**Student:** 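Handing you this structure, nothing more for now.
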Amino acid sequence: MSTPAAAAAPPALTADEGRLLYRGMLRIRRFEEKSAELYTQEKIRGFLHLYIGEEAVAVGVMDTLRPDDAVVATYREHGHALARDVPAGPVMAEMFGKVEGCSRGRGGSMHIFDAQRRFYGGNAIVGGGLPLAVGLALAEQMQGSSRIAVCFFGEGAMAEGEFHESMNLAALWNLPVLFCCENNLYAMGTALGRSQSETDLALRAASYQVPAWAVDGMDVVAVREAAQRAVDAVRGGGGPYFLELLTYRFRAHSMFDAELYREKSEVEEWKRRDPIPAFASRLEAAGLLSAADRETVGAEVEAEIEAAVAFAEAGTIEPVEELTRFVYSEAAP
Amino acid sequence: MSTPAAAAAPPALTADEGRLLYRGMLRIRRFEEKSAELYTQEKIRGFLHLYIGEEAVAVGVMDTLRPDDAVVATYREHGHALARDVPAGPVMAEMFGKVEGCSRGRGGSMHIFDAQRRFYGGNAIVGGGLPLAVGLALAEQMQGSSRIAVCFFGEGAMAEGEFHESMNLAALWNLPVLFCCENNLYAMGTALGRSQSETDLALRAASYQVPAWAVDGMDVVAVREAAQRAVDAVRGGGGPYFLELLTYRFRAHSMFDAELYREKSEVEEWKRRDPIPAFASRLEAAGLLSAADRETVGAEVEAEIEAAVAFAEAGTIEPVEELTRFVYSEAAP
Amino acid sequence: MSITYREAVREAIREALHADPRVFLMGEDVGRYGGCYAVTKGLLEEFGPERIRDTPLSEGAFVGAGIGAALGGMRPIVEIMTVNFSMLALDQVVNTAATLLHMSGGQFNVPIVIRMVTGGGRQLAAQHSHSLENWYAHVPGLKVVAPATLADARGMLASALADPDPVVIFEHVLLYGETGELAAPMTAAPIHGAAVRRTGRDITIVAHGGMLTRALAAAERLSADGIDVEVVDLRVLRPLDTATILESVARTRRALVVDEGWRSGSLAAEVSARIMEGVFRELDAPVGRLCSAEVPMPYARQLEQAAIPQVADIITAARAVVEG
Amino acid sequence: MSITYREAVREAIREALHADPRVFLMGEDVGRYGGCYAVTKGLLEEFGPERIRDTPLSEGAFVGAGIGAALGGMRPIVEIMTVNFSMLALDQVVNTAATLLHMSGGQFNVPIVIRMVTGGGRQLAAQHSHSLENWYAHVPGLKVVAPATLADARGMLASALADPDPVVIFEHVLLYGETGELAAPMTAAPIHGAAVRRTGRDITIVAHGGMLTRALAAAERLSADGIDVEVVDLRVLRPLDTATILESVARTRRALVVDEGWRSGSLAAEVSARIMEGVFRELDAPVGRLCSAEVPMPYARQLEQAAIPQVADIITAARAVVEG
Ligand SMILES: Cc1ncc(C[n+]2csc(CCOP(=O)(O)OP(=O)(O)O)c2C)c(N)n1
Ligand SMILES: Cc1ncc(C[n+]2csc(CCOP(=O)(O)OP(=O)(O)O)c2C)c(N)n1
Ligand SMILES: [Mg+2]
Ligand SMILES: [Mg+2]
């Protein structure tokens with residue numbers, strides 16, 4: 001495990017870069033706070049898994065990718081979608097089950113997709129996205145492209161056979177895939193120590209002959225730096241790479257979780273390391289973000305979320321006559 | 001990888017022990033040579049996977065077990081069954097598909113079972129026996145017994161998700177299970193280097209926080225010593241243990257294999273390390289086995305195999321009216 | 001006493017744990033989390049972590065370990081959180097649990113009980129709404145049950161544990177909140193035989209699991225219109241109790257099979273085929289089938305509702321059979 | 001030219017590899033070993049290890065990687081050595097390949113072709129003799145085909161690769177050695193529609209895959225006894241071509257469905273149910289089903305033969321329907 005980045009050190013960023021990262025995280029935070037509210041209003045249904053607390057991971061990693069890279073995420077993927085520049089309106093509309101949703105309302109919270117941004121979901125089978133990412137990387141390799149594939153998954157997924165098979169295959173074939181393990185210490189209610197015999201996950205990953213590092217996932221700059229190093233290595237033909245991003249989910253696993261398995265005090269402890277205010281303070285201290293900037297960003301984000309909700313509200317309910325569409329491909333119109 | 005045991009060093013064995021080990025290996029060898037012959041005569045059908053060349057592994061490991069330990073093997077398991085003291089007659093009868101077979105002719109070569117000897121097969125799904133062994137070990141642990149579970153599998157199985165999940169679960173729960181990986185360098189036609197990104201298999205296994213050692217699987221004494229150490233540790237409550245037994249299959253994968261994937265010269269090279277004559281020579285050099293002993297053992301073994309074949313030949317064909325038995329348990333008669 | 005289906009399942013597990021020291025429960029989040037659907041809440045505190053075992057996310061290994069533990073003398077109840085994840089363990093269930101007795105010529109029976117949640121209706125979309133009962137019901141060596149009532153939820157587990165062979169229990173996700181009366185003390189509910197839940201003269205509706213309550217509701221409404229419906233609850237999906245079904249249909253001469261699975265290759269097809277094979281000459285109309293639409297489950301509420309048979313759909317389909 | 005089924009499959013793969021640089025083949029031992037059933041022998045030498053990829057024993061990952069590669073612009077042919085091992089990859093097939101198009105609201109189609117060997121009859125016992133076609137045929141989003149003739153073995157692959165959605169191809173293990181004549185150059189065989197392989201007036205036998213030759217053999221022998229049999233080869237198991245089946249049965253008024261799968265929950269049940277639903281009033285007798293015995297496959301030859309429908313069994317079953 002890495003040590004937390006010294007909070008005092010000024011980040012090696014321009015003001016613009018800093019503002020973008022800050023804004024990226026705040027956008028996710030506000031979007032999800034709003035989503036939780038809308039869930040209690042029953043505008044959003046099904047399962048809803050919030051990423052609150054983990055924003056630095058998606059934002060830091062995504063900032064190092066090219067638009068033509070492929071991204072695979074899990075059911076806890078609003079953050080990844082937003083950080084990948086999937087517009088907030090269609091994401092929200094998706095959770096409302098509207099035709100204007102990014103998956104036409106067929107997917108919901110767990111299945112956000114965006115072909116234009118090569119965002120491949122939105123996979124709700126734990127570990128199920130990993131082979132997909134390996135295959136996307138294989139396609140890139142076979143086509144001689146310089147694109148890479150990146151996949152996100154929780155530490156709980158590392159117990160699945162598909163993790164093992166995917167790591168081995170990627171390493172054997174030297175595929176351009178970056179594995180990002182979001183270690184938030186719990187898989188639903190199962191603590192890391194009850195799920196992995198080796199809790200040093202980077203060490204575990206390294207046993208596949210894959211370079212692997214642990215990173216402070218509450219520090220967006222540390223994440224971005226590590227990801228950049230990893231992405232460069234992968235894009236340079238170095239084969240797969242593994243990052244353990246140490247983070248924490250501030251909210252319940254989903255909206256049906258009484259959180260019996262962890263102490264409130266532990267949650268409070270981690271909330272003190274909230275990546276968003278911490279980063280804002282560092283930027284401010286370094287003179288890269290003023291209080292006014294902060295306010296502006298906040299207002300912009302609020303406006304964006306409001307617009308997203310309005311967009312979702314105004315969306316269309318798909319007629320049930322359309323039910324059996326998209327089971328098989330339709331001929332191009 | 002371990003270095004081959006110095007062939008010159010006298011084995012730390014009594015003459016009786018030496019003779020038993022020698023006899024155990026020879027029995028398997030002759031049994032399987034006979035089986036191959038019977039296969040060409042179509043007495044034995046289906047798939048037939050020979051263990052020839054690998055005898056030291058099963059014999060060395062099995063010698064360290066108690067009769068009440070549980071053993072799980074693969075489809076290449078005649079050797080394990082015989083080393084576990086399953087009588088040769090019922091094993092041969094099984095391959096003849098006779099009622100007197102150890103699985104009543106329902107299983108065939110790939111499914112040798114013997115409840116009395118706690119021999120749990122005979123599993124033909126690669127990797128499929130591992131969770132079974134983990135569960136058998138769990139039962140022992142929960143019952144507070146001092147019995148352990150041992151499973152055998154090929155190096156090819158280590159690529160399967162079930163290997164990963166089983167190792168992790170066994171380590172997490174500190175279960176009394178010994179994992180014996182028979183690394184014969186090929187999974188059908190797939191060489192180790194094309195199947196594992198980390199070809200040091202003991203190192204891979206150790207990444208689960210499981211003690212793991214590589215052993216010369218062509219040296220029955222080395223196997224027995226390593227197995228004894230491992231079995232003692234497991235039985236002593238030390239949790240799972242992993243042995244990589246480096247060996248080689250002298251014959252084709254099954255009777256349908258043209259062996260396009262390896263050089264004849266490689267096979268010849270390994271045959272020079274044949275565990276059976278090598279061990280006999282060591283015993284002889286140490287004065288633990290005379291030429292006369294050797295002949296006696298050979299004759300005994302021949303007689304046993306002949307008797308087994310006769311037993312199988314004389315066995316009964318099950319009437320087809322019995323077809324649907326053993327789908328569900330029958331009430332005790 | 002008044003009890004929910006969820007509590008009935010929990011009580012059944014508790015009773016089993018008290019009754020037999022060989023019984024234990026394992027699965028994902030059955031302990032500290034209290035169960036994904038709160039079914040096992042409190043059991044960890046009552047029975048401790050040896051007998052209420054949280055597993056890692058390793059469906060293949062922990063189901064396989066359950067099989068091994070059963071062979072080793074235990075009586076495991078293995079919970080697969082939902083049927084949607086059971087594909088990851090299917091090899092163990094089919095190639096090991098279901099075949100071992102046969103492959104070993106009768107030597108090794110596998111007394112394991114596997115519980116899992118099934119079904120849709122909660123807007124969980126395509127990967128979390130499967131109804132794959134027929135896959136399991138297809139496999140010799142397994143017994144498959146679908147408790148649709150409180151009494152069966154409460155009583156079938158004991159019978160499943162007493163059975164020497166592998167039993168798979170499907171609990172429909174929408175049933176957990178159902179409330180009703182159960183007389184204590186409980187008796188075990190058999191894991192063979194279908195049950196006539198309502199008698200009627202004009203048509204037999206065959207249903208199971210989550211569809212039973214809807215079939216009964218449809219029957220009520222149809223009776224108001226003068227169509228007298230008999231409802232057969234399959235209860236046990238393997239082996240099917242053909243006799244009870246045929247006896248009913250031979251009387252009503254018409255049948256509708258309601259099944260939340262996809263239509264093609266469904267359990268409903270099996271029931272329909274058996275009816276034809278058994279009482280073809282007694283049928284006044286072809287047996288009807290009402291199944292889920294052949295589509296991965298969509299998230300949007302109106303689409304999901306349209307995909308899964310609703311009470312109104314059952315009424316329409318039953319009418320069509322009666323008028324057919 | 002005279003050709004075996006094995007060669008027909010190989011030629012189809014060769015042609016596809018020549019025709020489209022996006023096509024590649026991956027699976028266990030497809031390269032250096034030459035294929036478990038020698039189907040892919042020589043392809044590694046001809047196309048190199050980039051396009052003929054030996055995979056580790058990781059069914060879940062390499063099937064999933066095939067799905068990913070398909071999404072990424074390739075046209076993978078993924079070989080699962082046999083259907084018996086396909087359970088280890090089933091999650092990827094059902095929860096990803098079959099659902100992705102729908103879940104993504106039409107954005108991501110998955111042009112993957114998955115080939116696997118199916119069936120029994122070679123004394124490979126309980127874990128190596130499955131016929132699980134109906135599991136796959138149950139799943140919306142998949143297309144499932146079972147080439148039973150040389151022409152289909154040779155011609156269906158090109159259509160499968162041209163299809164934008166996942167296609168599963170079942171090749172019956174006993175067919176590989178079948179020899180016959182094929183006219184070159186080949187045309188693609190469509191992956192929709194059943195085929196009437198023999199016309200007759202008295203009864204329709206519906207079969208697919210390994211059962212087709214047996215059904216035709218039975219038909220010949222029955223015709224000698226004056227029973228004129230029509231034989232329909234399903235060819236495509238999903239979507240089923242109900243129209244062709246119904247058209248045939250409406251003429252013959254009797255039908256027998258032969259299916260190597262276990263009877264309960266079989267594809268035969270689906271066909272039977274559809275026939276009743278479609279032409280109930282035209283039926284002179286209940287539709288018959290002849291399936292494999294409901295038993296894990298035993299090794300012993302006489303037991304295995306008794307478990308799987310043989311020509312003599314088909315004759316008996318067809319007679320029973322005709323006389324019924
Ligand atoms: C194969 C499978 N098993 C179980 C589940 C139910 N489930 C959903 S999320 C989850 C926990 C996953 O934990 P982790 O991988 O650490 O990711 P996190 O939720 O912490 O982000 C579980 C058990 C599932 N979706 N898929
Ligand atoms: C899950 C699964 N995939 C594929 C096969 C086909 N198969 C049988 S043995 C074998 C090779 C296994 O190699 P290894 O594990 O090294 O054992 P060995 O045969 O060398 O003893 C394969 C691919 C199988 N039986 N099970
Ligand atoms: Mg987690
Ligand atoms: Mg090997």
Side-chain angles (χ1 to χ4, degrees), chain B residues 70 72 94 99 101-108 110-116 118-125 127-143 145 147 149 160-170 172-173 175 177 324-331, chain C residues 21-24 26 49-51 53-76 78 88-89 91-112 139-143 163-167 192 238-239:
Chain B
V72 178
E94 184 57 34
V99 178
C102 55
S103 307
R104 286 185 68 101
R106 304 264 169 166
M110 300 198 289
H111 304 299
I112 305 292
F113 291 93
D114 188 335
Q116 200 188 319
R118 299 202 78 203
F119 190 73
Y120 292 92
N123 297 279
I125 302 297
L130 277 72
L132 211 67
V134 169
L136 283 160
L138 174 61
E140 302 305 352
Q141 187 191 63
M142 293 187 76
Q143 291 165 6
S145 92
R147 294 186 295 261
E160 291 283 3
E162 291 191 342
F163 166 80
H164 169 73
E165 297 184 0
S166 297
M167 288 293 287
N168 185 46
L169 197 61
L172 262 178
W173 291 359
L175 298 177
V177 54
T324 55
R325 288 187 66 187
F326 314 121
V327 180
Y328 300 100
S329 295
E330 297 170 3
Chain C
R22 298 172 306 171
V23 172
F24 69 100
M26 75 175 151
E50 270 283 299
R51 300 184 71 197
R53 304 183 83 96
D54 281 325
T55 64
L57 278 155
S58 305
E59 287 81 1
F62 73 74
V63 170
I67 297 168
L71 288 172
M74 304 300 288
R75 287 292 176 276
V78 179
L88 295 166
D91 168 64
Q92 286 294 324
V93 176
V94 174
N95 276 324
T96 306
T99 59
L100 205 50
L101 181 70
H102 191 83
M103 292 195 304
S104 67
Q107 290 178 85
F108 292 115
N109 63 303
V110 183
I112 190 177
V139 180
L142 301 181
K143 293 182 182 168
D163 197 278
D165 299 312
V167 179
H192 54 82
R238 182 178 191 94

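The sequence lines fix the lettering, A, B, ..., with proteins before strands; numbering per chain opens at 1. Quantities reported herein were computed from a predicted structural model and do not represent experimental measurements.
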**Student:** With chain C as the partner, which of B:Gln143, B:Arg325, B:Arg104 has the greatest number of non-hydrogen pairs under 4.5 Å?
**Tutor:**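 That would be B:Gln143.
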**Student:** Evaluate the side chain to side chain contact (heavy atoms under 4.5 Å, CB included) criterion for residues C:Thr99 and B:His111: first the C-alpha distance (whole Å), next the side-chain angles of each, then the deciding distance (0.1 Å), finally the verdict.
**Tutor:** CA-CA 11 Å; C:Thr99 59; B:His111 304 299; over 6 Å; no
**Student:** Heavy atoms only: give me the nearest B:Leu169-C:Ala65 pair and the separation to one decimal.
**Tutor:**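 Residues B:Leu169 and C:Ala65, closest heavy atoms: CD2-CB, 4.1 Å.
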**Student:** Distance from B:Tyr328 atom OH to C:Asp163 atom CG, nearest 0.5 Å?
**Tutor:**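 B:Tyr328 OH to C:Asp163 CG: 9.5 Å, rounded to 0.5 Å.
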**Student:** Relative to chain B, which segment of C:Thr55 carries a heavy atom at a distance below 4.5 Å: side chain, backbone, both, or neither?
**Tutor:**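 For C:Thr55, the contact with chain B is made by backbone and side chain together.
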**Student:** Which distance, rounded to the nearest 0.5 Å, do you find between the CG of C:Leu88 and the CD of B:Glu165?
**Tutor:**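 The CD atom of B:Glu165 is 7.5 Å from CG of C:Leu88, to the nearest 0.5 Å.
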**Student:** Please flag which part of C:Ser104 lies under 4.5 Å from any non-hydrogen atom of chain B: side chain, backbone, both or neither.
**Tutor:**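 The answer is both parts of C:Ser104.
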**Student:** From C:Met74 CE over to B:Gln141 CD, what is the distance, rounded to the nearest 0.5 angstrom?
**Tutor:**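 Interatomic distance, C:Met74 CE to B:Gln141 CD, rounded to 0.5 Å: 10.0 Å.
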**Student:** So for B:Glu94, is it side chain, backbone, both, or neither that comes closer than 4.5 Å to the heavy atoms of chain C?
**Tutor:**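 Neither; nothing under 4.5 Å.
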**Student:** Do you know which two heavy atoms are closest between C:Ala61 and B:Ser166, and how far apart they sit?
**Tutor:**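 For C:Ala61 and B:Ser166, the tightest heavy-atom pair comes out as CB-N, 4.0 Å.
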**Student:** So which of C:Pro21, C:Gly64, C:Pro140 has the biggest tally of heavy-atom pairs under 4.5 Å with chain B?
**Tutor:**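 Highest number of heavy-atom pairs under 4.5 Å: C:Gly64.
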**Student:** So, C:Gln92 side chain and B:Gly128 main chain: donor-acceptor pair closer than 3.5 Å or not?
**Tutor:**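 Checked: pair present.
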**Student:** I'd like to verify something: which residue of C:Val63, C:Leu71, C:Ile67 has the highest number of heavy-atom pairs under 4.5 Å with chain B?
**Tutor:**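 When all of C:Val63, C:Leu71, C:Ile67 are compared, C:Leu71 has the most.
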**Student:** Got a sec, which residues hit salt bridge (charged side-chain N to carboxylate O under 4.0 Å, His left out) with C:Asp165, two or more places apart in sequence or on another chain?
**Tutor:**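 Per chain and number, C:Asp165 pairs via salt bridge (charged side-chain N to carboxylate O under 4.0 Å, His left out) with no residue.
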**Student:** Of the non-hydrogen atoms in C:Phe24 and B:Leu138, which two are nearest, and what is the gap between them?
**Tutor:**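 In terms of heavy atoms, the two residues are closest at CZ-CD2, 3.9 Å.
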**Student:** If I measure from the heavy atoms of chain B, does C:Leu142 come under 4.5 Å with its side chain, its backbone, both, or neither?
**Tutor:**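 The answer is the backbone of C:Leu142.
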**Student:** Counting heavy-atom pairs under 4.5 Å with chain C, which one of B:Ile112, B:Asn123, B:Ile125 comes out on top?
**Tutor:**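 Between B:Ile112, B:Asn123, B:Ile125, the count favours B:Ile125.
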**Student:** Find the distance between CG (B:Leu132) and CZ (C:Phe108) and round it off to the nearest 0.5 Å.
**Tutor:**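 The CG atom of B:Leu132 sits 9.5 Å away from the CZ atom of C:Phe108.
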**Student:** Name all pairs fulfilling the salt bridge (Lys or Arg N to Asp or Glu O under 4.0 Å) condition that reach into residues 55-74 of chain C, sequence neighbours left out, sorted by first residue then second.
**Tutor:**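 Salt bridge (Lys or Arg N to Asp or Glu O under 4.0 Å) check on residues 55-74 of chain C returns no pairs.
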**Student:** Is there a side-chain contact between C:Pro56 and B:Asn168 in this structure, where contact means two heavy atoms from C-beta onward sitting under 4.5 Å apart?
**Tutor:**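 Side chain of C:Pro56 against side chain of B:Asn168, heavy atoms only: contact under 4.5 Å found.
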**Student:** Can you tell me how far the CG atom of C:Asn109 sits from the CD atom of B:Glu330, to the nearest 0.5 Å?
**Tutor:**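 Going from the CG atom of C:Asn109 to the CD atom of B:Glu330 covers 11.0 Å.
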**Student:** For chain C, which of B:Asp114, B:Leu130, B:Leu172 has the most heavy-atom pairs under 4.5 Å?
**Tutor:**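 Going by pairs under 4.5 Å, I would pick B:Asp114.
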**Student:** Looking at every non-hydrogen atom in both residues, tell me the closest pair between C:Asp91 and B:Glu162 and how far apart they are.
**Tutor:**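 What the structure gives for the nearest pair is OD2-OE2, 3.6 Å.
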**Student:** Is there a donor-acceptor pair under 3.5 Å between the side chain of C:Gln107 and the backbone N or O of B:Cys102?
**Tutor:**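 Yes; at least one donor-acceptor contact below 3.5 Å.
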**Student:** What option among B:Ser103, B:Ala70, B:Ala139 has the most heavy-atom pairs under 4.5 Å with chain C?
**Tutor:**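 Heavy-atom pairs under 4.5 Å are most numerous for B:Ser103.
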**Student:** Quick check on B:Leu175 against chain C: is it the side chain, the backbone, both or neither that has a heavy atom closer than 4.5 Å?
**Tutor:**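 For B:Leu175, there is no contact with chain C at all, as no heavy atom is under 4.5 Å.
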**Student:** Would you mind checking which part of B:Arg118 comes under 4.5 Å of any heavy atom in chain C, side chain (CB onward), backbone (N, CA, C, O), both or neither?
**Tutor:**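 Side chain only.
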